[in-house]
Amino acid sequence: MIFLVVYLLISGKVSPMVIFVAVPFVAALICGFTPAQIFEFMKKGVTTTMSTAVLFLFSIVYFSIMNDVGLFDPLVNFLVKRAGNNIVLVTMATGIIATVAHLDGTTAGTMLITVPAVLPIYKKLHIRPVVICCIIAAAISIMNLVPWGGPTARTAIVTGRDVNAIWQELLPLQGLGIILILAFSAYLGMLEKARGAGINPTGKAAELTEDLNSDDGGHGETDSMKRPELVWINALVTVGVILLMCLTKIPLYGAFMIGLAFALAINFKGAKAQAKAVSNHAAAALSTPMILLTTGVFIGVLKNTKMMDAMANMLIGIMPQAIGSHLPIFIGALSGPIGMMLGTDSFFFGFMPLVLGVGEKFAASAHDIAMAMLIGKDFTILVTPHNATTFLLCGLAGVSIKEHLKFCTPYLWILSWITLAVAALIGIVGI
């Protein structure tokens, strides 16, 4: 089922909404579950993705309206003027913004801060938006190792260790990892420059669609919606939204509901104008939440049919006996692709304990196995259909899931192997 879902997503021949409902439903029927049971699985799964779908609905409308009224114009014009054709500086700046934004460990929040800030600049300079997705995914991967990040906390629970003790071990790797992310961002910038990106694009960069190059998202009236005199008020509202996300326990979608209400009241007079401002972005605001809700069907079937448990046991069963004491580095290298198949919770709470048990038979260090799996898995968090925030990132950047998976997956796997090798060199993981 998972291979079929990934194949169909990458092929782009079928809508994700069809894939995430039809494939798991048929798979569950084949496994012998009744329609009533499957509907219950769907209900449980959709519940897990509902809040992210609502978050996307309000956040995309909020940032689209802020773009319409010109909030990002001064930043875009300043950076374009200063950077000129220096694409590398722009991509490195993206890496820095994403790294700093993820200090709170909130994946969705990082995307919602980074993408709207840099996407207009990428459009001006004809840089592919999928580059934003790749840089954010890489930055989140290394920053997620903080103790309040989900993967580190899960590892601490499974191994029975103190989460701060794990983080203290990982700190040197995080420092080197940030340097690696900046170097990687620069590399992607050089690739885009070679494609001809810049204010006056040449080569392949000049072939980007009108959709991408358009600053108004296809709405000719956007210029009349500019509110240069309100830029500071809009900036304060946006800062307020970000502070609500970072400093309070309010749901992320709650922050954007409040922000959108203020944004509409400040920038548009009358119900008609406010409704028009929202309806301009209805298509973008509705399509991705619908996909997010359907991924809940996929996740619900995968978890509640116990398919995930069965896969974890199968992977342990086919593991070669010859790897012996090299199990940590071996399983760490495979943790990226395995994690893509299993999803976060099943990987840490299902697969990791099984691998630790196998490690005992080989007299392999449980500490080394856990650290290697944590590092290897973390880089594929945003290239898996299990994760609703994968679709949130694609929706914000205007990138198809097919393009995202094909472009980002190879880079993130390689980065995970490089980071794992660095961890072995500095003694965090035993070879």
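Since the model is a prediction, treat every value here as computed from it, not as a measurement.
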Output for pair (I181 CD1, I142 CD1), nearest 0.5 Å, gives 6.0 Å

Once you round to the nearest 0.5 Å, how far does CD1 of I329 lie from CD1 of I331?
-> 11.5 Å

Close side-chain approach of I426 to L176, heavy-atom, < 4.5 Å | yes

So do F391 and I401 actually touch side chain to side chain, heavy atoms under 4.5 Å?
-> yes

Provide the closest heavy-atom pair for L145 versus T152 in the form atom of the first, atom of the second, distance.
-> O-OG1, 3.0 Å

Smallest separation among heavy atoms of V88 and G189, with atom names | CG2-C, 3.9 Å

Going by heavy atoms in the side chains, are F407 and L188 under 4.5 Å from each other?
-> yes

Reported CZ-to-SG distance for the pair R128 and C133, which is rounded to 0.5 angstrom | 11.5 Å

Rounded to the nearest 0.5 angstrom, the CG-OG1 distance for L382 and T409 is 10.5 Å

Any chance you could measure T305, atom OG1, to M1, atom CE, to the nearest 0.5 Å?
-> 6.5 Å

For the pair T390 (side chain) and T384 (backbone), establish whether a donor and an acceptor sit closer than 3.5 Å, ignoring hydrogens and angles.
-> yes

Residues N267 and A263: closest non-hydrogen pair is ND2-O, 2.8 Å

Taking the side chain as C-beta and beyond, is there a heavy-atom pair between K44 and T47 under 4.5 Å?
-> no

Is the closest side-chain heavy-atom distance between L170 and M371 below 4.5 Å?
-> yes

List the steps, then state whether side-chain contact (heavy atoms from CB on, under 4.5 Å) holds for V23 with F298.
-> CA-CA 8 Å; V23 175; F298 172 64; over 6 Å; no

Can you see which heavy atom on I375 is nearest to which on A423, and at what distance?
-> CD1-CB, 3.7 Å

Taking it one step at a time, do V241 and L112 satisfy side-chain contact (heavy atoms from CB on, under 4.5 Å)?
-> CA-CA 10 Å; V241 169; L112 293 164; over 6 Å; no

Matching residue for I136 among V131, T114, V118 - test: side-chain contact (heavy atoms from CB on, under 4.5 Å) = T114

When the aromatic ring centroids of F58 and Y62 are compared, is their separation below 6.0 Å?
-> no

What's the spacing between L396 CG and I132 CD1 if we round to 0.5 Å?
-> 10.0 Å

Check for a donor-acceptor pair, side chain of S335 on one end and backbone N or O of K377 on the other, with a separation under 3.5 Å.
-> no

Give the minimum heavy-atom separation between L415 and A138, together with the two atoms involved.
-> CD1-CB, 3.8 Å

Can you tell me if OH on Y253 sees more than 12 non-hydrogen neighbours from other groups inside 6.0 Å?
-> no

Do other residues, nucleotides or ligands put more than 12 heavy atoms under 6.0 Å from the CE atom of M290?
-> no

Should M373 and T155 count as side-chain neighbours, where that means a heavy-atom distance under 4.5 Å?
-> no

Scan side-chain atoms only and decide if Y187 and T91 contain a donor-acceptor pair under the 3.5 Å cut-off.
-> no

Please name the pair of heavy atoms, one in G376 and one in S416, separated by the smallest distance, quoted to 0.1 Å.
-> O-CB, 3.8 Å

State, with a plain yes or no, whether a side-chain heavy atom of W413 is found less than 4.5 Å away from one of M340.
-> yes

Would you mind reporting whether P116 and T238 have side-chain heavy atoms less than 4.5 Å apart?
-> no

Evaluate side-chain contact (heavy atoms from CB on, under 4.5 Å) for F256 paired with F63, printing each intermediate quantity in order.
-> CA-CA 9 Å; F256 282 102; F63 280 120; 3.4 Å; yes

Show your reasoning for whether side-chain contact (heavy atoms from CB on, under 4.5 Å) applies to I418 and I414.
-> CA-CA 6 Å; I418 292 172; I414 292 168; 3.9 Å; yes

